[in-house]
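The structure under discussion appears below in the form of C-alpha cells.
Please read these numbers as outputs of a predicted model, since none were measured by experiment. Order of the sequence lines sets the chain letters (A, B, ...), proteins ahead of strands, with each chain counted from 1.
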Amino acid sequence: MRGRPLLYTSYASDMGLFNTGAKKAAFAVLMALGLTTPFLLADVELQLLALACATAIGAIGLNLVTGYAGQVSLGHAFFIAVGAYTAAAISGDPESRTLGFGIDNMLIWLPAAGIAAGLAGVIVAPLATRLRGLYLAIVTLGLVFVGEYILTEWDALTGGPGIGRQAASPALFGYHLDETDVFMTRDQKLYLLMFTLLVVFGLAGRNLARSRVGRAFSAIRDRDIAAGVIGVNLPRYKTIAFAVSSFFAGIAGALIYTISGRFDPGQFGLLLSVQFIAMILIGGAGTITGAVLGAFFLTLLPRFTRELPGLVPFIGGQATDTPNVFQLETVLYGVLIIIFLIFEPRGLFGIWVRIRNYWKAWPFSY
Amino acid sequence: MRQAAEAVIRGLGLGSIYALLALGFVIIYKATRVISFAQPAFMLAGAVLVTYLVGPLGFYLAVPVAAAATAALALGVERAAVRPMVGRPAFVVAIITLGVDVAVRVVVNAFIGLDVRHVGDPWGLSTVTIGGLLVEQRHLAMMVVTAVLVAALFAFFRYTRMGLAMRAASYDQEAALAQGVSVGAVFAMSWGIAGALAGIAGTFAAVGASVHQLLWIIALTALPVIILGGLDSLPGAVVGGLIVGIVQEVTAVYQSNWPWLGQNFSIVTPYVVMMIILLVRPYGLFGTREVERV
C-alpha cells in the first residue's frame, strides 16, 4: 500500500479516526496551535476562547442528537441548565445562601453534572421515542419552558431570577484552576482546561459517531422506519441519543458558567436553545468538526460586532440606543441561520469540503 | 363555585386568543406541512401596529388595518424566506421561520422601546354582571371576535373557490397542481391568513394590559395548543385553545392550595397538559395519524 495513502483495504481503516495523512497533520497542527495560544494572546481573548471551547462541547452534544440521529431538540437549554446547577450545587459553598455541598474537586462535579443531565435526557426519552419530527420539536420546546419555570421558582438552588448564584469552581485535588498564581493567570488555566476537555469530548463524540451506535443514529436520521425494519432498535437508540447528547450538554453547562463565575436562571431560555441550533446549522449538521466550527463562530461573533459602532455611525454601542449592537447580534443569529440553510445547508464544514475537493482535483474541475 | 365559573369564562376569553393563534399555525401547517415559528413575531408586529394606528384611525379601524399590514408582512416573509425552500425537509423550513421570528421580533421590539404602549381599546378592565357572575368585558369581546372569525374562516374554506383550492392542496399537493390549483397562491394565502390572525390575536392579548416585549410568549403557548388539538385539525385548534385557556385560568385560581407548585404554575400548565396528552395520544386529540411508508 506504500504510496497509495487513500487506498483502503478494510472497513476499519476506512472508518479510522485519522484515515488520511492530512487529517493527522491538521490535528497535530491544531493541537500545537491550541496549546501555544495561552502564551500568545491576552487574557481577554483567552477567556472568550475558553468560552468557545466549553460551548463547543455542548454543540457537539446537540449535533449527536439532531445532526446524527435526526431528532430535533429545542430543549438543549434545559439539559445545559441541569448540568450547570448540578455542578454549582456540588461545588458550592455550604455556608452560602444557595444550596451547596462544598466538594470542589472537578473529578467529582464534572462527571456528576454530565450524569445528572444524561439522566434527565433518559427521562425525556419516552416522549421522544413516541413522537417524530415537529411534534418532538414542540415537546422539547415545552421542556425549556417547564425547566425555566422550575429554576425561577426553586430559588434555594438557583438564587432566583436576576440574582443568580456562584457557578462551580474548578479545582483538582485542592489546586484551584480559577485563581491566578505564579505560574499562570486564571484565564490561561481556564483556557487550557476547556481546550483539553474539548479535545477529549470531541474525540469521544467522533468515536461514538463512527461506531455501531453512530451508524444506528445515521440510519434513524435517514429513515427511521427503514432503520427499524433492518433491525435498529428505535426506542433504545433514540434513548441513547438523548442520553449522550444531554451528557455532553451537562458537561458544557457545568463548564460554561465557571468562566464568568455567576449565572442566573433567566439564561436558560429558548434563546439559548436557538443559539445551539444555530451553531450546528451554521457549522454543519452531522459533523463533529462542524459543531466546533459553529460554536467558535457564534461565540466569537460578538467580539467582532462590538467593533461595529466604531465603524458604522448609525449603530449604537449602548443598550439604550436603537439600533444597537445587541439587537444587531440577535438579528444576525436569525439571518445567518436563514442564509446558511438556503445557500449552504452543510454549513461552514460544507464550505471547507468544497474548498478541499477543489484543491484535491486541481487543476481539473471534476 | 362562582369563583370557578368566573375562571372558566376568563379561560374562554384567553382560550379564544390561543384559538386564533393556533388556527394560524394549523392553516400554515395544512398548506405547507411546516410549523411556522414566525407567528410570535407577527403577533407582536400586529399589536405594535395597532398602538401606532389607534391614534389617527380609532380602535375599530386600526385593528383591521393592522391585521392587513401583518398579513402583508407575512406574505413578504413567505415569498422571501420560505418559498425558496419548497421541497426541503420540514425541519429545515421550521428552523428558517425560527430565524425569521428572531430577526423580525428584534425590529418590532425597537418600535416598542422602553415605553408602555397601549392598544387603546374601548374595554379596558371594566366589567359586567351576567347571571350573577362578574365578567370582564374584554373577555366577552375576545370570545365574540374569535367566534366571528372562526365562522368566517370555516365559511371561507367551505364555500369559496380559494378555500376549496386550499383544502385540495392540503390533501394532496401534486393532485391539486394537476387539477390547476396554484399551490404557490395557496401557500401565500395561508401565510397571509395566519399573519392576519396573529395580528388580531396580538391586539386582543394586549387589551386591558399593555404591549410589551414579552407579549410574544403568548404565541408560544399556542404551540402546545396545536399539538394538543392535532397539528392538522382546524376544529382541534379551536377546542385545544379553549381547553388550554380554561385549564390555565382555573389553575391560576386554585394553585395557591398547593404552594409547592410555585406562584405562577398556570404559565406552564399548557406544556404540562400537552405532555400528558401526548403520552396517551401521540397525534393529539383530533390529528390524523400519519401513515408512513418506507
Top of [options] for chain A proximity - count of heavy-atom pairs under 4.5 angstrom:
{"options": "B:Val93, B:Val102, B:Val107", "value": "B:Val102"}
{"options": "B:Asp101, B:Ile226, B:Leu220", "value": "B:Leu220"}
{"options": "B:Thr97, B:Leu278, B:Val104, B:Val34", "value": "B:Leu278"}

So for [X], is it side chain, backbone, both, or neither that comes closer than 4.5 Å to the heavy atoms of chain B?
{"X": "A:Leu281", "answer": "side chain"}
{"X": "A:Thr66", "answer": "side chain"}
{"X": "A:Ile150", "answer": "neither"}
{"X": "A:Ile342", "answer": "both"}
{"X": "A:Leu332", "answer": "neither"}

Worksheet entry | Pairs of heavy atoms under 4.5 Å with chain B: top-ranked of A:Ile138, A:Ile337, A:Val72, A:Val335 | A:Ile138

Portion of [X] that has a non-hydrogen atom of chain A nearer than 4.5 angstrom:
{"X": "B:Phe265", "answer": "both"}
{"X": "B:Met85", "answer": "side chain"}
{"X": "B:Ile267", "answer": "neither"}

Worksheet item: Knowing that exactly one of B:Val225, B:Ile28, B:Val238, B:Ile193 qualifies, which makes a side chain to side chain contact (heavy atoms under 4.5 Å, CB included) with B:Leu23?
Response: B:Val238

Item to complete: Using the six-membered ring of A:Phe349, assess whether NZ or CZ of A:Arg354 lies under 6.0 Å from its centre and within 45 degrees of the ring axis.
Response: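 Here A:Arg354 fails the 6.0 Å and 45° test against A:Phe349.
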
Worksheet item: Can you check whether A:Val65's main-chain N or O pairs, donor with acceptor, with A:Gln71's side chain at less than 3.5 Å?
Response: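 Side chain of A:Gln71 to backbone of A:Val65: no pair is present.
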
Item to complete: Classify the ring geometry between A:Tyr135 and B:Tyr283 as parallel (under 30°), tilted (30 to 60°) or perpendicular (over 60°).
Response: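 Rings of A:Tyr135 and B:Tyr283: perpendicular, as their planes differ by over 60°.
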
Discussion item. With a sphere of 6.0 Å drawn around CZ of A:Arg346, does it hold more than 12 non-hydrogen atoms of other residues, nucleotides or ligands?
Written reply: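 Check fails, neighbour count at 12 or below.
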
Discussion item. Is it the case that over 12 heavy atoms from other parts of the model lie below 6.0 angstrom from the CZ atom of A:Arg303?
Written reply: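 At most 12 heavy atoms, drawn from other residues, nucleotides or ligands, come within 6.0 Å of this atom.
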
Item to complete: Decide yes or no on ring pair (Phe, Tyr, Trp, His ring centres under 6.0 Å) for A:Phe268 and A:Tyr85, but give the supporting numbers first.
Response: CA-CA 11 Å; A:Phe268 302 101; A:Tyr85 282 108; 5.6 Å; yes

Worksheet item: With a 4.5 Å limit on heavy-atom distance, are the side chains of B:Met274 and A:Val139 in contact?
Response: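 Side chain of B:Met274 against side chain of A:Val139, heavy atoms only: contact under 4.5 Å found.
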
